[in-house]
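Not measured: the values here are computed from a predicted model. So you know, we letter chains A, B, ... as the sequences are listed, proteins then strands, and number each from 1.
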Number of protein chains: 2
Amino acid sequence: MSRTVYVNGEFLPEENAKISVFDRGFLFADAAYEVFPVLGGGIADADAHLARLARSLDELNFPTFYTPDEYLPLLKTLVRNNKLEEGLVYIQVSRGIQDRDFNFPKNTDPSVVMFTQQKSVAENPVAKTGISVITVPDIRWQRCDIKTVGLLPACLAKAEAARQGADDAWMHDEDNNITEGSSNNAHIITQDGKLVTRQLSNAILHGITRVSVLKLLEQTNLILEERPFSIAEAEAAKEAFCSSASAFVMPVVKINGVEIADGKPGPHAVKLRELCIGAAIESAAKAQATRPKRSVKVKSA
Amino acid sequence: MSRTVYVNGEFLPEENAKISVFDRGFLFADAAYEVFPVLGGGIADADAHLARLARSLDELNFPTFYTPDEYLPLLKTLVRNNKLEEGLVYIQVSRGIQDRDFNFPKNTDPSVVMFTQQKSVAENPVAKTGISVITVPDIRWQRCDIKTVGLLPACLAKAEAARQGADDAWMHDEDNNITEGSSNNAHIITQDGKLVTRQLSNAILHGITRVSVLKLLEQTNLILEERPFSIAEAEAAKEAFCSSASAFVMPVVKINGVEIADGKPGPHAVKLRELCIGAAIESAAKAQATRPKRSVKVKSA
């Protein structure tokens, strides 16, 4: 069965979900995006993702009449139309359509595309065994805090992981410190019980799930250290994991071929995953209970 | 009148020139491109641009069955259909359509898009007065030698130039050395008659017009030095210019508000522009004379 896809005001069968080749998202990667987890038919952490989308657009000097707040009812409608119970809903906002020109257009309507993906996100069997990662140089641009569709370096990192028989790649800077995963934040737990994660900067995405994880540390005996950590430190860690909206907390059991502890998901990673999914289910259920407001036209007397 | 645009095997009116929202060019900037100058209805430097496109695709591990050689007849047909005498023809090749996944698809057909743009390229009045540039930090990824559509940092650099009332931006590395312009290579001529241009590396695009310029130096009394040059050295230069396929040689008369020499296009830049356009006209005329080969089916006896 064909999905319904949202394209610039229309709900279309996916075969017909097309955009102009003159869209700046296609010609210049001049677009930002978000991926929301969907659980029990509800969208989790919607406000946080929409706030980050608004920030991305703002950092890119998108016109202020682009209003991410208005996208939530559309996202909800799309999830409902596709009868999506568990998976992801994606939104991409580009600077619109214009004959090819590096210079930004003025007063051009944004292009807005949304689609769903059915996936086991909470019940992902991969989390039971954990994943292996390799490390690759981080060759991305210097504004990785902005969530743009300029994702080719991340795709190349994943391709290199696949070539080496690993599941994913963690990227490192020139000092051999990990920045983040190809599409997730990277975390380790040291032998003396500290959760170490790189501090926020332009070098990494400000993960929504990263925020959840740090908040949930209260429910563990882990001490937080936000600082860069090296490849060697990661390989010698007691536990390691990634965080992202699509995988929540995903245990890492091998880095560059080196087994982390006994090569099985660590107890803290497993617990943080449970807590994180629990929080997401709660957030999704709350969102589910709030139906999109219908616009009510008030007749004048 | 609407242009004809080529999209995946079809010649379409531009209003109908659309691609799937699941195209990897749109979702991941997983696409390479080229821009060819068109003069007198002929495509200049076609072989060099197609060779660079092939290299870009190869560096990105695009499947080998993507065959840039076969694009030339289509480009020629498009130029002819649009009755384009002077301007540009653009080609973009993306890794094709797939449900969103960072991992590269296997055996997926490429998406190929081509369109023309009518422009005064040889007779560009701006070249008479030259352009002003500002300098901005180069925040791009570390493979600027690959011509991908990940052009948002370049767009942001041009936007910053516009905000400061300049025509374009030159980008500089952490050592305050110029890498290149936002969509062109950067060159200076020193007080003692040397043409200084940054050496090829992953930090800059290997410009086709840059090659032409260096070849044409034989016809001047300039000595070539391929090395990094600083912002300060550029501001103190005798002449400065950009090179690109769409602007050939474009004199730069102001850098960060500092007039270069007397603030008028320098004699060497003017001469190199003439020579460069002359070479492009010759190349375009030669291409024009060679009509696309028709495929001939030989009947078996």
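The line from CZ of A/R24 to SG of B/C155 is 4.5 Å long, rounded to the nearest 0.5 Å. Within the model, atoms CG of B/D30 and CG of A/L156 stand 7.5 Å from one another, a figure rounded to the nearest 0.5 Å.
With a 4.5 angstrom heavy-atom cutoff, B/V7 touches chain A only via side-chain atoms. With a 4.5 Å cut-off on non-hydrogen atoms, B/N202 does not touch chain A at all. There is no contact between A/N16 and chain B, counting heavy-atom distances below 4.5 Å. The contact between B/S182 and chain A is made entirely by backbone atoms, counting heavy-atom distances below 4.5 Å. If you measure heavy-atom distances from A/F104 to chain B, the contacts under 4.5 Å come from the side chain alone.
Note on B/N61, B/T148, B/L60: by heavy-atom pairs under 4.5 Å with chain A, the leading option is B/L60. If you tally non-hydrogen atom pairs under 4.5 Å between each of A/S111, A/G25, A/P137 and chain B, the highest count goes to A/G25. Residue with the most contacts toward chain B among A/D101, A/I19, A/L152, A/L151: A/I19 (heavy-atom pairs, distance under 4.5 Å). Ranked by heavy-atom pairs under 4.5 Å with chain B, the first of A/R100, A/R143, A/K18, A/R140 is A/R100. Note: A/P153 leads A/P153, A/G150, A/A31 in heavy-atom pairs under 4.5 Å with chain B.
Around the CD atom of B/E174, the shell of radius 6.0 Å holds no more than 12 heavy atoms that belong to other residues, nucleotides or ligands. The environment of CD in B/Q118 is sparse: at most 12 heavy-atom neighbours from other residues, nucleotides or ligands sit within 6.0 Å. Enclosure of atom CD in A/E15 by more than 12 non-hydrogen atoms of other residues, nucleotides or ligands within 6.0 angstrom is indicated.
In this view, A/D173 and A/R198 satisfy the salt bridge (Lys or Arg N to Asp or Glu O under 4.0 Å) rule, not counting sequence neighbours.
Counting heavy atoms from C-beta outward, B/R3 and A/D99 have side chains that approach closer than 4.5 Å.
Of residues 243-250 of chain B, no residue lies under 4.5 Å from chain A by any heavy-atom pair.
Residue A/F26 forms a side chain to side chain contact (heavy atoms under 4.5 Å, CB included) with just one option from B/L27, B/V149, B/V113, and that option is B/V113.
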